[in-house]
Protein chains: 2
Amino acid sequence: MTESAESIFEQFPGGVFPAACSSRVLLDHVTSKWGVLVLVSLTDGPQRWSELRRRAQGISEKMLAQTLRTLEADGLVHREQQPVMPPRVDYSLTPLGEELAEVMVPLLRWVGRNADTVIGPATR
Amino acid sequence: MTESAESIFEQFPGGVFPAACSSRVLLDHVTSKWGVLVLVSLTDGPQRWSELRRRAQGISEKMLAQTLRTLEADGLVHREQQPVMPPRVDYSLTPLGEELAEVMVPLLRWVGRNADTVIGPATR
DNA sequence: CTCGGCACTTTCCGTCACGGAAGTACCTTA
DNA sequence: TAAGGTACTTCCGTGACGGAAAGTGCCGAG
């Protein structure tokens, strides 16, 4: 984190990310409206469906399911279904997901700190 | 970055971010498809319209204009029009924008490193 | 035997984000 | 005089995003 503070363009010579490459796809997944919220919710430890719905305020069931499926397919989220009744499913971050969370949380903190200054507490 | 690695929930007691608050709005701005790309392009220094179009591969003129206007309104991007002919406009990061870039670049690096593993070089 | 709850899945449908193309204002160069 | 370049704005059409709500499978409680 010390030497690399300068140019991300050494890492990506052609434009920021070349259009239509895997980086763009993954970027869209992890920076999606609900992807961010679900990922960050899970930094607090394994959680169940209903817990996640509460944490990611405003998400619909459809979007939660879709987001979780995408994140799981990307290997960022682990889904563990326990064969008990009533059904119990726990979602957690995979090691890869934890890695991602480590770089995501600083961004979220920054947003949290600066939101009121930039947008205004009630505006828009 | 040492003591604060644990819970972002101390900072945000009610859910990740409360729905319909300024954090969500700012989050949407900075994690938008094109917002990320423009912001990161500008970490390389002040750039002109046409330069940004080339950097953020695939962006339309309409979206570039819209994204720049949003980011300027948020105080993240500085627009400097020089009264010369032909018109020359330079865009750069404000100090606030630089701050944001500092937390954004690690995320982009991570995405760049892991994209091929997660998504596959050509898939989807 | 019906009700209800958990964890989804699916369907329907509106809206708005986005792309594409064309238009604009102004001046330079040929 | 015409063509061209920069930095946009405007219009229009489509498709994907996303919300509401109903459906599903399974079982335990009453």
Side-chain angles (χ1 to χ4, degrees), chain A residues 15-20 24-39 41-42 46-74 77-92 124, chain B residues 15-20 24-39 41-42 46-74 77-92 124:
Chain A
V16 183
F17 286 162
R24 287 283 183 94
V25 177
L26 181 56
L27 188 62
D28 283 352
H29 290 185
V30 304
T31 65
S32 70
K33 183 179 169 67
W34 299 117
V36 177
L37 264 0
V38 168
L39 247 7
S41 288
L42 287 172
Q47 279 154 67
R48 308 178 57 176
W49 170 273
S50 45
E51 179 84 32
L52 284 170
R53 279 215 69 187
R54 241 171 294 126
R55 291 281 178 98
Q57 268 183 45
I59 197 171
S60 67
E61 301 204 325
K62 181 190 162 186
M63 281 296 104
L64 180 55
Q66 201 177 102
T67 305
L68 284 170
R69 258 184 277 124
T70 303
L71 263 21
E72 198 196 346
D74 291 347
V77 163
H78 175 68
R79 186 191 127 100
E80 187 155 16
Q81 180 161 10
Q82 293 170 36
V84 300
M85 262 320 142
R88 180 188 175 99
V89 182
D90 284 295
Y91 295 93
S92 54
R124 204 190 169 176
Chain B
V16 183
F17 285 162
R24 286 285 185 91
V25 178
L26 182 55
L27 188 62
D28 282 353
H29 290 185
V30 304
T31 64
S32 71
K33 183 178 169 67
W34 299 118
V36 178
L37 263 1
V38 168
L39 247 8
S41 288
L42 288 172
Q47 278 154 67
R48 307 177 58 175
W49 171 272
S50 46
E51 179 84 33
L52 285 169
R53 279 216 69 186
R54 243 172 291 127
R55 290 281 177 96
Q57 269 183 45
I59 197 172
S60 67
E61 301 204 325
K62 184 189 158 186
M63 279 296 103
L64 180 54
Q66 199 177 105
T67 305
L68 284 170
R69 257 183 280 127
T70 303
L71 295 177
E72 198 196 345
D74 290 348
V77 163
H78 175 68
R79 187 191 126 101
E80 187 155 13
Q81 180 161 10
Q82 294 171 33
V84 300
M85 262 321 142
R88 179 188 176 99
V89 182
D90 284 296
Y91 294 93
S92 54
R124 203 184 173 182

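First the proteins, then the strands, lettered A, B, ... as listed; each starts at 1. Computed over heavy atoms, backbone and side chain alike; hydrogens, waters and symmetry mates excluded.
- When the C1' atom of dC6(C) is taken as reference, atom CG of L52(A) falls 14 Å away, rounded to whole Å.
- A 4.5 Å side-chain heavy-atom check between L37(B) and I59(B) finds every atom pair outside the cut-off.
- Listed by chain and number, the residues in a side-chain contact (heavy atoms from CB on, under 4.5 Å) with D90(B) are R48(B), Q82(B), R88(B) (sequence neighbours excluded).
- For R79(A), a side-chain nitrogen or oxygen approaches OP1 or OP2 of dC8(C) to under 4.0 Å.
- Rounded to whole angstrom, the span from the CD atom of Q66(A) across to the P atom of dC8(C) amounts to 15 Å.
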Nucleic acid footprint by protein, nucleotides 19-30 of chain C - heavy-atom cut-off 4.0 Å, B for base, S for sugar-phosphate alone: BB------S---

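- Side-chain N/O atoms of R69(B) include none lying less than 4.0 angstrom from OP1 or OP2 on dC8(D).
- A straight line from CD of Q81(A) to C1' of dC26(D) spans 11 Å, rounded to a whole angstrom.
- Between D28(B) atom CG and dA17(C) atom P there is a gap of 10 Å when expressed in whole angstrom units.
- Contact annotation: the side chain of L68(B) never approaches that of R79(B) to less than 4.5 Å [non-hydrogen atoms, C-beta and beyond].
- Protein atom CZ of R53(A) is 12 Å distant from nucleotide atom C1' of dC6(C), rounded to whole Å.
- An OP1 or OP2 oxygen of dA7(D) is reached within less than 4.0 angstrom by no side-chain nitrogen or oxygen of R88(B).
- Minimum heavy-atom separation, L52(A) to S41(A): CD2-CB, 3.9 Å.
- Atom-to-atom, CG of D90(B) to P of dT6(D) comes out at 14 Å; the value is rounded to the nearest Å.
- How far CD of Q47(B) is from OG of S92(B): 10.0 Å, rounded to the nearest 0.5 Å.
- One finds the CD atom of Q57(A) at 6.5 Å from the CZ atom of R24(B) (value rounded to the nearest 0.5 Å).
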